[in-house]
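As a basis for the values below, the full set of heavy atoms in this structure was taken, side chains included, without hydrogen atoms, waters or symmetry mates. Residue numbers begin at 1 in each chain, while the letters A, B, ... track the order of the sequences. The shown structure was predicted, so the numbers you read here are calculated from the model rather than taken from an experiment.
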2 protein chains.
Amino acid sequence: MKLINKDTDCAVRAILYIAGNENNLVSTAVLNSEFNISRQFLRKTLHVLQTKKILKSVKGINGGFRLARPAGKISLIDLVRIFQGEVNLNKCFFKKKICVNVKTCPLRREVENIERYVVSRLKAVTIEQLAKKH
Amino acid sequence: MKLINKDTDCAVRAILYIAGNENNLVSTAVLNSEFNISRQFLRKTLHVLQTKKILKSVKGINGGFRLARPAGKISLIDLVRIFQGEVNLNKCFFKKKICVNVKTCPLRREVENIERYVVSRLKAVTIEQLAKKH
DNA sequence: CTTATATGTTACTAATATAGTAGCATTTGT
DNA sequence: ACAAATGCTACTATATTAGTAACATATAAG
Ligand code: FES
Ligand code: FES
């Protein structure tokens, strides 16, 4: 069971690096030399981040990426939602109607409690904070 | 992102039903008529529960399953571990060495906090408690 | 003792999610 | 014109989860 998949993981680390180089554009080539992630994988991830307006990109030679908004305004929950979808730990309750009677499902309340906690924690952590702890 | 997969879900509901019929053996046929889960799927799930000593089985006509231990001694974490493996929300840290430097991984502490909470919650909830709330 | 009915066991297929790659188009500084 | 960067999309591969099938074995009932 994973909370963070590789897309999200890759995104966090790339964004942290970019946040630490505010004055320069950061290219996938640089990130590739920095982390042990293939260039293609980085490109895929960063491209998504750009379409989701987490990053801004500049094309052409000397191009690269920079943050589209302050590091304090990017939280883990944003990235998890982009790459892994909405946090629905209680997915089983609804998807394909596994449970006949959702209302009587005994697991439901418990799982929803856990879900609320996870989301609140992921919301609370921003890139800015992670950068400080780094 | 799911916390509970269908095996676990099926197990919880079956065990709850079995716990509510302490005096009788419960067969997959009965559970199948009770829940909207195929007989084959139930068999697979219950068989695992039997090998893991959560249930005891009796073969032959009029056979079926009963709890192998008190409902208060079966918690959600047991079932999650059986069907979904150990809770390692921070799996990404180690599996196939995604991170080059685990020690400097900024996500690690946050995810581990969340993981501890989830495990403690899953440990706290027993079948006995779920049965009461039912 | 035969039979119906239950689980034991294993192997298999199908569907879905995640991970990873490839290739061409477009932009831009030199 | 060219090199080097992203834009974009389609594709393959792998792992996980979901679901099915078939045969072996045990047991109570007639
Ligand atoms: S629907 Fe999954 S536990 Fe009820
Ligand atoms: S290894 Fe996954 S966040 Fe560092």
Side-chain angles (χ1 to χ4, degrees), chain A residues 1-11 14 18 24-33 35-66 68 80 82-88 91-92 95-98, chain B residues 1-11 14 18 24-33 35-66 68 80 82-86 88 91-92 95-99:
Chain A
M1 194 189 324
K2 270 187 274 192
L3 182 64
I4 304 293
N5 73 10
K6 191 163 176 181
D7 285 331
T8 307
D9 173 85
C10 174
I18 293 168
N24 307 312
L25 289 171
V26 177
S27 68
T28 53
V30 169
L31 291 168
N32 174 244
S33 69
F35 307 122
N36 196 19
I37 306 176
S38 82
R39 207 152 159 183
Q40 288 302 327
F41 199 93
L42 282 161
R43 289 194 60 194
K44 183 177 67 169
T45 307
L46 298 198
H47 179 236
V48 171
L49 288 172
Q50 181 265 132
T51 67
K52 297 295 183 179
K53 301 188 177 174
I54 302 288
L55 297 179
K56 278 193 177 174
S57 66
V58 174
K59 280 167 120 183
I61 221 166
N62 298 330
F65 297 87
R66 60 187 168 79
V80 169
I82 286 171
F83 292 105
Q84 303 172 233
E86 190 54 53
V87 177
N88 281 129
K91 213 174 189 175
C92 64
K95 194 188 180 188
K96 290 187 185 171
K97 300 178 183 171
I98 290 173
Chain B
M1 194 191 323
K2 268 187 275 190
L3 182 64
I4 304 294
N5 71 12
K6 191 165 176 182
D7 285 331
T8 307
D9 174 86
C10 174
I18 293 168
N24 308 312
L25 290 171
V26 178
S27 68
T28 53
V30 169
L31 291 168
N32 174 244
S33 70
F35 307 121
N36 195 19
I37 305 176
S38 84
R39 208 155 158 181
Q40 286 303 326
F41 200 93
L42 282 160
R43 287 195 60 194
K44 184 177 66 167
T45 307
L46 298 198
H47 179 236
V48 172
L49 288 171
Q50 182 265 131
T51 67
K52 297 294 183 180
K53 301 188 178 175
I54 302 287
L55 296 179
K56 278 194 178 174
S57 66
V58 174
K59 281 167 120 182
I61 221 167
N62 298 329
F65 297 87
R66 61 186 167 79
V80 168
I82 287 171
F83 293 104
Q84 302 171 233
E86 190 53 53
N88 281 128
K91 213 174 188 177
C92 65
K95 194 187 178 188
K96 289 186 185 172
K97 299 179 183 172
I98 290 173
C99 252

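A sub-4.0 Å separation between OP1 or OP2 of dA19(C) and a side-chain N or O of Lys2(A) is present. OP1 or OP2 of dA18(D) sits under 4.0 Å from a side-chain N or O of Asn5(B).
Taking OG1 of Thr8(B) as the reference point, atom NZ of Lys2(B) lies at 10.0 Å (rounded to 0.5 Å). Interatomic distance, CG of Leu25(B) versus CZ of Arg66(B), reported as 7.0 Å (0.5 Å rounding).
Across Gly63(A) and Ser27(A), no two heavy atoms sit closer than the pair O-CB, 3.9 Å.
When rounded to the nearest whole Å, the span between CG of Asn32(B) and P of dT20(D) equals 11 Å. Atom CG in Asn36(B) sits roughly 11 Å away from atom P in dG19(D) (whole-Å rounding). Atom-to-atom, CD1 of Ile4(A) to P of dA19(C) comes out at 11 Å; the value is rounded to the nearest Å. Spacing between atom CZ of Phe41(A) and atom C1' of dA22(C) amounts to 15 Å, rounded to whole angstrom units. Following rounding to the nearest Å, Leu42(B) (CG) and dG19(D) (P) show an atom-to-atom distance of 11 Å. Between Asp9(A) atom CG and dG20(C) atom C1' there is a gap of 15 Å when expressed in whole angstrom units. Atom pair Lys6(A):NZ and dA13(D):C1' shows a separation of 14 Å (rounding to whole Å applied). Following rounding to the nearest Å, Ile82(B) (CD1) and dT17(D) (P) show an atom-to-atom distance of 15 Å.
Contact check for Leu49(B) versus Phe83(B): side-chain heavy atoms found under the 4.5 Å cut-off.
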- [ ] Check step by step if side chain to side chain contact (heavy atoms under 4.5 Å, CB included) holds for Val80(B) and Met1(A).
- [x] CA-CA 10 Å; Val80(B) 168; Met1(A) 194 189 324; 3.7 Å; yes

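Side-chain N or O atoms of Asp7(A) include none that pairs as donor or acceptor with a backbone N or O of Gln84(A) at under 3.5 Å. Side-chain atoms of Asn32(A) come within 3.5 Å of backbone N or O of Ile37(A) as a donor-acceptor pair.
Of the residues near DNA chain D, Gln84(B) and Ser38(B), the one whose nearest nucleotide (by heavy atom distance) lies more toward the 5' end is Gln84(B).
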Task: nucleotides 1-10 of chain C: protein proximity per nucleotide (B base, S sugar-phosphate only, - neither; heavy atom, under 4.0 Å) - done: ---BBBBBB-

